[in-house]
Amino acid sequence: MKAKLLSGKLLADRIKEDLKDEIKTLGFPLTIAAIEVGDNPASGLYLKAQRKTAEELGINYRLFKLETKISVEELLKLIGDLNQNNSIQGIIIQAPLPPHIERYKIIAAVNVLKDIEGMHPENLGYLLLGKPRFIPCTAEAVFSLVKSTEINLYGKEVVIVGHSEIVGKPLSLLFLNEFSTVTVCHIGTSSAGHLEVHVKMAEILVVAVGKAGLIKGDWVKEDSVVIDVGINKIEDKIVGDVEFEKASERASFITPVPGGVGPLTTAMLMRNLVRAAKIQKSVSQ
């Protein structure tokens, strides 16, 4: 196997060790409030990972499990209460939400200084301006893995497959701020038959779609960096969006699935929490 594995766990462990020291210097306990509406098995796994990481760091983790039929007004009332609670430094709105609740109306209701997911319109605006306050956690995890290779990003051809607000869009801004040349592909690219052409140009390839084997191994450019965000269950195996074995023969660096981006995402969430606590402390003084 030619490619070197990029372990998100190793990087996450280093970040968590640094966070432990930072948390000690704060001098007060940290608490996350996570809101889950309804019951979604996939989101349940992420919530479990959040709680586990929080406990490792001595962070209180409060989960508010709400009925699917909850009204928008009731949900906004809860968020308002959490916004006013000074013992809570971070608020998470777990996706997906039921169809009758508009996610971005709810996200916009979160206190912008407690938005540790980095999805509030104001925080996304700061990212657009190149002055990020909180970066969406998965996007920051991907970017950190790429930076860990110590490759100079200036002028690099970056191809991102997937244009979600959680990964693709914020990640494109992070790379643009490094003066990379960024191409964002999506379902329109694939429907037009152009996906393979763009992928073959990628010196840095990020795939975040959720479709097993979408990216063929022989599309991967020689000596490229491949970050696979996809998590797909095929029978009893978890696989990514990229044909791992074939891609590994061509890439210089590649993330495993599982064990790549996932472990780092929760570490980034906790790092955003510590940032939030510091900002809130400075504002209150």
Side-chain angles (χ1 to χ4, degrees), residues 30-40 42-47 49-51 53-54 59 61-143 162-174 184 186 208 210 229 265-277 279-280 283:
L30 298 183
T31 301
I32 292 174
I35 297 173
E36 181 185 27
V37 183
D39 190 19
N40 184 286
S43 64
L45 290 174
Y46 185 38
L47 287 167
Q50 290 172 8
R51 183 185 293 277
T53 304
I59 294 168
Y61 188 89
R62 295 180 61 189
L63 175 60
F64 294 82
K65 287 184 69 70
L66 308 176
E67 295 289 334
T68 304
K69 63 184 180 181
I70 190 172
S71 69
V72 173
E73 292 73 23
E74 288 173 309
L75 181 52
L76 289 174
K77 171 66 167 58
L78 172 60
I79 291 170
D81 292 342
L82 296 175
N83 285 341
Q84 296 300 317
N85 188 335
N86 292 331
S87 69
I88 292 171
Q89 293 80 29
I91 300 172
I92 304 166
I93 309 297
Q94 188 63 45
L97 290 173
H100 70 283
I101 299 176
E102 184 182 348
R103 175 168 165 77
Y104 288 98
K105 181 177 182 179
I106 301 304
I107 290 172
V110 173
N111 181 328
V112 69
L113 299 183
K114 296 188 178 186
D115 168 42
I116 59 174
E117 293 182 289
M119 297 302 296
H120 190 286
E122 182 177 313
N123 286 325
L124 289 174
Y126 276 117
L127 178 59
L128 177 66
L129 295 171
K131 304 291 184 181
R133 178 193 281 147
F134 306 120
I135 300 171
C137 304
T138 306
E140 189 171 19
V142 170
F143 194 66
H163 73 308
S164 72
E165 288 79 9
I166 297 171
V167 186
K169 289 176 182 176
L171 188 58
S172 69
L173 296 172
L174 292 172
V184 180
H186 40 67
V229 187
T265 298
T266 51
M268 293 305 180
L269 185 69
M270 301 306 152
R271 189 156 78 175
N272 276 349
L273 176 69
V274 173
R275 288 173 181 164
I279 293 171
Q280 292 164 39
V283 169

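Positions are given from 1 along the sequence. Quick note: numbers below take in every heavy atom, side chains included, and nothing from hydrogens, waters or symmetry partners. This one's a predicted model, so the numbers in the text were calculated from it and none came from an experiment.
Looking at heavy atoms from C-beta onward, Ile279 lies in side-chain contact with Phe134 at the 4.5 angstrom threshold. Side-chain contact between Tyr61 and Thr53 is absent, with no heavy atoms from C-beta onward closer than 4.5 Å. Looking at heavy atoms from C-beta onward, Pro136 lies in side-chain contact with Leu127 at the 4.5 angstrom threshold. Residues Ile135 and Pro170 are not in side-chain contact: their nearest non-hydrogen atoms beyond the backbone lie 4.5 Å or more apart. The shortest distance between side-chain heavy atoms of Leu174 and Val142 does not fall below 4.5 Å.
Side-chain atoms of His120 come within 3.5 Å of backbone N or O of Ala108 as a donor-acceptor pair. When atom types are taken as modelled, the side chain of Asn83 and the backbone of Ala109 share a donor-acceptor pair closer than 3.5 angstrom.
Judged as a ring-ring contact (aromatic ring centres under 6.0 Å, His included), and not counting sequence neighbours, the contacts of Phe143 are Phe175. Looking at residues two or more places apart in sequence or on another chain, you find no side chain to side chain donor-acceptor pair (under 3.5 Å) involving Ser172. Ser87 pairs by the side chain to side chain donor-acceptor pair (under 3.5 Å) definition with Asn85, not counting sequence neighbours. By the side chain to side chain contact (heavy atoms under 4.5 Å, CB included) test, Asn86 pairs with no residue at all, sequence neighbours left out. Applying the side chain to side chain donor-acceptor pair (under 3.5 Å) criterion to Thr265, with sequence neighbours excluded, gives no partner residue. Under the side chain to side chain contact (heavy atoms under 4.5 Å, CB included) criterion, Lys77 pairs with Asp81, sequence neighbours left out. Taking the side chain to side chain donor-acceptor pair (under 3.5 Å) definition, one finds that Arg271 meets it with Glu140, sequence neighbours left out. Checked against salt bridge (Lys or Arg N to Asp or Glu O under 4.0 Å), Glu67 has no partners two or more places apart in sequence or in another chain. Thr31 is linked by a side chain to side chain contact (heavy atoms under 4.5 Å, CB included) to Asn60, Arg62, Ile88, Gln89, counting only residues two or more places apart in sequence or in another chain.
Residues Leu66 and Leu78 share a closest heavy-atom pair of CD1-CD2, 3.9 Å. Scanning both residues, Val167 and Thr138, for their nearest heavy atoms gives CG2-CG2, 3.7 Å. Across Met119 and Glu165, no two heavy atoms sit closer than the pair CE-O, 3.5 Å. Across every non-hydrogen atom of Cys137 and Asn272, the tightest pair is SG-ND2, 3.9 Å.
Between Lys65 atom NZ and Glu36 atom CD the span is 3.5 Å, to the nearest 0.5 Å. One distance of note links CD of Gln50 with CD1 of Ile92; it measures 4.0 Å at 0.5 Å rounding. Between the CD1 atom of Ile116 and the CG atom of Leu269 there is a distance of 4.0 Å, given to the nearest 0.5 Å. Distance CG/Leu173 to CG/Leu124: 8.5 Å, rounded to 0.5 Å.
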Using residues 97-107 as the side-chain source, report each donor-acceptor pair under 3.5 Å to any protein atom, sequence neighbours left out, with the distance given to one decimal.
unit_1 : atom_1 : unit_2 : atom_2 : d
His100 : NE2    : Ile70  : O      : 2.7
Arg103 : NH1    : Ile93  : O      : 3.1

Start with the C-alpha distance between Ile32 and Met270, add both sets of side-chain angles, then the distance that settles side-chain contact (heavy atoms from CB on, under 4.5 Å), and finish with yes or no.
CA-CA 9 Å; Ile32 292 174; Met270 301 306 152; 3.6 Å; yes
One pair to check against side-chain contact (heavy atoms from CB on, under 4.5 Å): Val112 and Arg133. What are the steps and the verdict?
CA-CA 10 Å; Val112 69; Arg133 178 193 281 147; 3.2 Å; yes
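The environment of Tyr126 atom OH is sparse: at most 12 non-hydrogen atoms of other residues, nucleotides or ligands sit within 6.0 angstrom.
Under the side-chain hydrogen bond (donor to acceptor under 3.5 Å, both in side chains) criterion, the residue pairs touching residues 106-118 are Asp115-Asn123, with sequence neighbours excluded. The salt bridge (charged side-chain N to carboxylate O under 4.0 Å, His left out) pairs that include a residue from residues 83-94 number zero, where partners must be two or more places apart or lie in different chains.
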